[in-house]
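Residue numbers start from 1 in every chain, and the chains themselves are labelled A, B, ... in the order their sequence lines are given, proteins ahead of strands.
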Number of protein chains: 2
Amino acid sequence: MPDDDRKRRILDAALELADERGLAGVTMRALAQKLGVTAMALYPHIGDKEGLFDGLVDRMLAEMLPAVPTDGTAEERLLAVGRAARELSRRHPSAYALLLARPAVTPDAVRLVDAIYGALLDLGVPDAEVPRVERLITTFALGYAASEASGRFSAGTINPRGRRAQFPADEVSAHRRLSEVLDRMPDWDAEYEADLQDLLLMVRARWS
Amino acid sequence: MPDDDRKRRILDAALELADERGLAGVTMRALAQKLGVTAMALYPHIGDKEGLFDGLVDRMLAEMLPAVPTDGTAEERLLAVGRAARELSRRHPSAYALLLARPAVTPDAVRLVDAIYGALLDLGVPDAEVPRVERLITTFALGYAASEASGRFSAGTINPRGRRAQFPADEVSAHRRLSEVLDRMPDWDAEYEADLQDLLLMVRARWS
DNA sequence: ACCTGAACACCGTTCAAGT
DNA sequence: ACCTGAACACCGTTCAAGT
């Protein structure tokens, strides 16, 4: 099918555009220009703009899939998926938000979920609980990477001391107690690894 | 300060507009019309459209804060915050996505985080780990509610059987093994409660 | 001090027309 | 079968002008 090829080239260009100029920079006109065509020529291939964004979700999941190993222990495979999710957000920080905003139904999406199901089954999670735990873990992984990419976590860089100072002494007492910790800049790589380990520990503590 | 009042009325109207017509329906012109004024009259109060969206994040967190208890056990307080996060997404499904997309630096945001810090400290989480665990839990809670609101979880309602059928017999084996479970429609309320319980178990298993 | 009208440079999308 | 040009109904935002 040659039209699938055309669609894939459009999605590649759209992802590149998102990487260069942000998601707001992905306009039909700018995308068309990048491909040397008019905006209206895109519609037969991708549908409307919602269709384009759905396509970007599929495109990103497809890019993630090769990083998912088929051998190794269940824990190693689960860690690999978690790391791949975050690495994807590093390559496509702007488009990444789409992953939390719309369902993915592509064959590659099913393969990705299947790899996680398989690892959870191997870890001893009962059949009835596997889909729930898969959603728990992927929600965390996507949410964490999206939060990093969007800047949700970096509000603290605007001077945590100043933030505490605007409160009377009897408020935000936990912030006061943690002041030394909060003045340190977190190591996000290490934090994400620790989170994945804690989630694995949760699975082990519950079912093995 | 009477200008803060004007700003709050604008944000209330913007949130209402998002609830009624989705986030894409929140245009400066539509918002102005709802307030009986021209679009240009909004700018002195809210800055540009990014400022409006930042304001919506603050507005939503402020709405959530009263649901956070100051007494009860640490576990009860943590569960209450988790439930409040999801209830907020039920009231404002469209605007909710903003919570994962931008930092919150408002006093109410700090108060909210402080309640979680306090509960985690009471649960025995060491000082150095509290901010990390807070980010882990809130990332999950916001991500879960956002996923529900956006439809990310409901791809399976489009007939899971058909989704499995498009693969050859040797692929997606975990999906095949779980076919009975996957054909059942999840109870999202129960699932979210179970997730919160598992995260609490993780904290307990690790530090008490 | 606060709001308005007109204007600018964009959007997504439609549709008839071209090849 | 695939693409284009022109057009429509919108956007966010600026800025001089009004009161």
Check: Can a donor-acceptor pair be found between the side chains of B/Arg152 and A/Thr139 at a distance below 3.5 Å?
Finding: yes
Item checked: Distance, rounded to the nearest Å, where B/Gln33 contributes CD and C/dT4 contributes P -> 13 Å
Checklist line | Closest to the B/Val37 side chain, choosing from C/dC3, D/dG12, D/dC15 | finding: C/dC3
Note to self: Tell me the interatomic distance from B/Met28, atom CE, to C/dC3, atom P, rounded to whole angstroms.
What the structure shows: 13 Å
Checklist line | Interatomic spacing from CG in B/Leu112 to CD in B/Glu134 - rounded to 0.5 Å | finding: 8.5 Å
Next item on the list: Please find out if less than 6.0 Å separates the ring center of B/Phe153 from that of B/Tyr144.
Entry: yes
Next item on the list: For D/dC3, take OP1 and OP2 only and decide whether either is under 4.0 Å from a side-chain N or O of A/Thr38.
Entry: no
Check: On DNA chain D, nearest-nucleotide positions of A/His45 versus A/Arg29: which is more 5'?
Finding: A/His45
Notebook entry, point to check: Given atom CG of A/Leu31 and atom P of C/dC11, what is their separation to the nearest angstrom?
Noted result: 12 Å
Next item on the list: Take atom CG of B/Leu23 and atom P of D/dG12, then tell me their distance rounded to the nearest Å.
Entry: 11 Å
Check: Can you check the B/Met40 CE to C/dA6 P distance for me, whole Å?
Finding: 10 Å
Next item on the list: Using atom CG of B/Leu42 as one end and atom P of C/dG5 as the other, report the distance to the nearest whole Å.
Entry: 14 Å
Note to self: Among B/Leu200, B/Val203, B/Asp122, which residue satisfies the side chain to side chain contact (heavy atoms under 4.5 Å, CB included) criterion with B/Glu75?
What the structure shows: B/Leu200
Checklist line | Structure string for DNA chain C in dot-bracket form, Watson-Crick and G-U at under 3.5 Å, | interchain | finding: ||.|||||...|||||.||
Next item on the list: Can you tell me the distance, in whole Å, between the NZ atom of A/Lys49 and the P atom of C/dT13?
Entry: 8 Å
Next item on the list: Please round to the nearest 0.5 Å and tell me the distance separating atom OG1 of B/Thr106 and atom CG of B/Leu65.
Entry: 11.0 Å
Check: Any salt bridge between B/Arg164 and B/Asp183, counting N to O under 4.0 Å?
Finding: yes
Checklist line | Interatomic distance where CD1 belongs to B/Ile46 and P belongs to C/dC3 [whole Å] | finding: 12 Å
Item checked: Ionic contact status for B/Glu87 with B/Arg90, cut-off 4.0 Å -> no
